[in-house]
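Read the structure below first, then the notes.
Note: hydrogens, waters and symmetry copies are ignored here, and every other heavy atom, side chains too, is used.
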Amino acid sequence: MAFFIDAIAVLLLTFAAGILVFFLGIFTLGLAWIFYAFLWQAVALLYTAFTLGGPSASTPGMRAMGLEMRLWHGARPYPLLSAMHVLLFWFSVSLLTPLVLLVALFTERKRLLHDIVLGTVVMNAEPLRQEGL
């Protein structure tokens with residue numbers, strides 16, 4: 001469900017950015033319309049980098065479902081790591097097929113390949129709030 005909430009948010013932000021690019025293209029005599037080629041990717045990357053790498057360490061969809069991402073030693077992720085996290089996910093699923101998601105069934109903490117490489121873990125946020133972390 002968290003993914004669907006975030007996907008809807010990215011879709012709405014992409015639509016708003018598309019309108020902005022349209023008017024920007026009018027002012028630049030069509031030059032800015034080249035941004036349409038990678039608009040949704042840029043919006044999704046920025047959305048993830050600044051929400052997952054923000055103070056809450058979760059996207060709005062993750063917050064709604066009570067999830068939070070932390071580094072292996074308990075620290076909150078920063079925007080650059082969050083951007084790398086989503087890029088590595090996109091590349092691993094694209095290049096290694098969605099079967100790479102089966103890695104979670106065989107790891108001790110049920111982490112995906114990109115989580116293992118970057119040293120992150122997605123967990124229930126409620127115990128962290130109770131401990132004041």
Side-chain angles (χ1 to χ4, degrees):
M1 288 303 298
F3 172 79
F4 291 119
I5 293 170
D6 290 330
I8 291 169
V10 168
L11 180 70
L12 294 173
L13 288 171
T14 302
F15 180 74
I19 293 171
L20 179 71
V21 168
F22 175 76
F23 287 113
L24 189 62
I26 291 173
F27 292 125
T28 62
L29 302 174
L31 190 61
W33 290 336
I34 198 161
F35 291 134
Y36 280 127
F38 53 89
L39 186 64
W40 76 266
Q41 296 94 332
V43 169
L45 182 64
L46 291 172
Y47 174 84
T48 304
F50 289 114
T51 58
L52 196 56
S56 64
S58 60
T59 64
M62 291 171 67
R63 272 193 300 265
M65 296 296 117
L67 300 172
E68 193 170 309
M69 187 171 88
R70 294 292 179 108
L71 299 178
W72 65 272
H73 53 81
R76 295 177 189 272
Y78 43 92
L80 181 60
L81 180 78
S82 299
M84 290 304 301
H85 187 265
V86 74
L87 286 173
L88 199 56
F89 172 75
W90 286 345
F91 286 127
S92 67
V93 171
S94 298
L95 297 175
L96 302 173
T97 76
L99 293 176
V100 73
L101 300 177
L102 294 176
V103 170
L105 298 175
F106 303 105
T107 58
E108 182 181 333
R109 292 184 177 178
K110 306 300 178 207
R111 294 166 50 189
L112 294 174
L113 187 61
H114 61 283
D115 291 320
I116 295 168
V117 169
L118 292 174
T120 60
V121 63
V122 176
M123 61 180 65
N124 187 357
E126 189 58 34
L128 294 170
R129 283 191 206 111
Q130 289 175 353
E131 292 182 23
L133 299 173

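- Follow the hydrophobic side-chain contacts under 4.5 Å out from V121 and you never reach L67; the two are in separate clusters.
- With R111 as the partner, the side chain to side chain contact (heavy atoms under 4.5 Å, CB included) test is satisfied by one option alone out of V122, V117, V103, I116: I116.
- Scanning all heavy atoms of the two residues, the minimum distance from G66 to N124 falls at O-OD1, 3.2 Å.
- Residue M84 places its CE atom among 12 or fewer non-hydrogen atoms of other residues, nucleotides or ligands, all under 6.0 Å distant.
- Taking the six-membered ring for Trp and thresholds of 30 and 60 degrees, H114 and H85 have ring planes more than 60 degrees apart, a perpendicular arrangement.
- In terms of the side chain to side chain donor-acceptor pair (under 3.5 Å) criterion, residue partners of R63 (sequence neighbours excluded) are, by chain and number, S56.
- Taking every heavy atom of both residues into account, D6 and M62 meet most closely at OD2-N, 4.1 Å.
- Closest heavy-atom contact between H73 and A75: CE1-CB, 3.3 Å.
- Residues F27 and F35 fall into different hydrophobic clusters, defined by Ile, Leu, Val, Met, Phe, Trp and Tyr side chains chained together at heavy-atom separations under 4.5 Å.
- The two residues M69 and S82 have their closest heavy-atom pair at CE-OG, 4.4 Å.
- The environment of CH2 in W90 is crowded: more than 12 heavy-atom neighbours from other residues, nucleotides or ligands sit within 6.0 Å.
- Between the OG1 atom of T28 and the CZ atom of F23 there is a distance of 13.0 Å, given to the nearest 0.5 Å.
- Grouping the Ile, Leu, Val, Met, Phe, Trp and Tyr side chains by contacts below 4.5 angstrom, directly or via other members, places I19 with Y36.
- Contact between P60 and Y47 at its shortest, heavy atoms only, is CD-OH, 3.1 Å.
- The distance from the CZ atom of F50 to the CG atom of L45 is 9.0 Å, given to the nearest 0.5 Å.
- Counted within 6.0 Å of CD1 on I34, heavy atoms from surrounding residues, nucleotides or ligands total 12 or fewer; the atom is thus considered open.
- With values rounded to the nearest 0.5 angstrom, L87 atom CG is found 9.0 Å from T48 atom OG1.
- By the rule that hydrophobic residues join a cluster once side-chain heavy atoms approach within less than 4.5 Å of another member, F22 and F38 end up as members of one cluster.
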Task: side-chain contact (heavy atoms from CB on, under 4.5 Å) evaluation trace for D115 with R109 - done: CA-CA 10 Å; D115 291 320; R109 292 184 177 178; over 6 Å; no
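- T107 contributes atom OG1, which lies 7.5 Å from atom CG of L112 (distance to the nearest 0.5 angstrom).
- In this structure, CH2 in W33 is found 6.0 Å from CD1 in I26, a value given to the nearest 0.5 Å.
- F15 and V10 fall within the same hydrophobic cluster, where Ile, Leu, Val, Met, Phe, Trp and Tyr residues are linked whenever their side-chain heavy atoms come under 4.5 Å apart, directly or through other members.
- Closest approach of A2 and G61 over heavy atoms only: CB-O, 3.3 Å.
- L113 places a side-chain heavy atom less than 4.5 Å from the side chain of L96.
- At least one side-chain heavy atom of L81 sits less than 4.5 Å from a side-chain heavy atom of L71.
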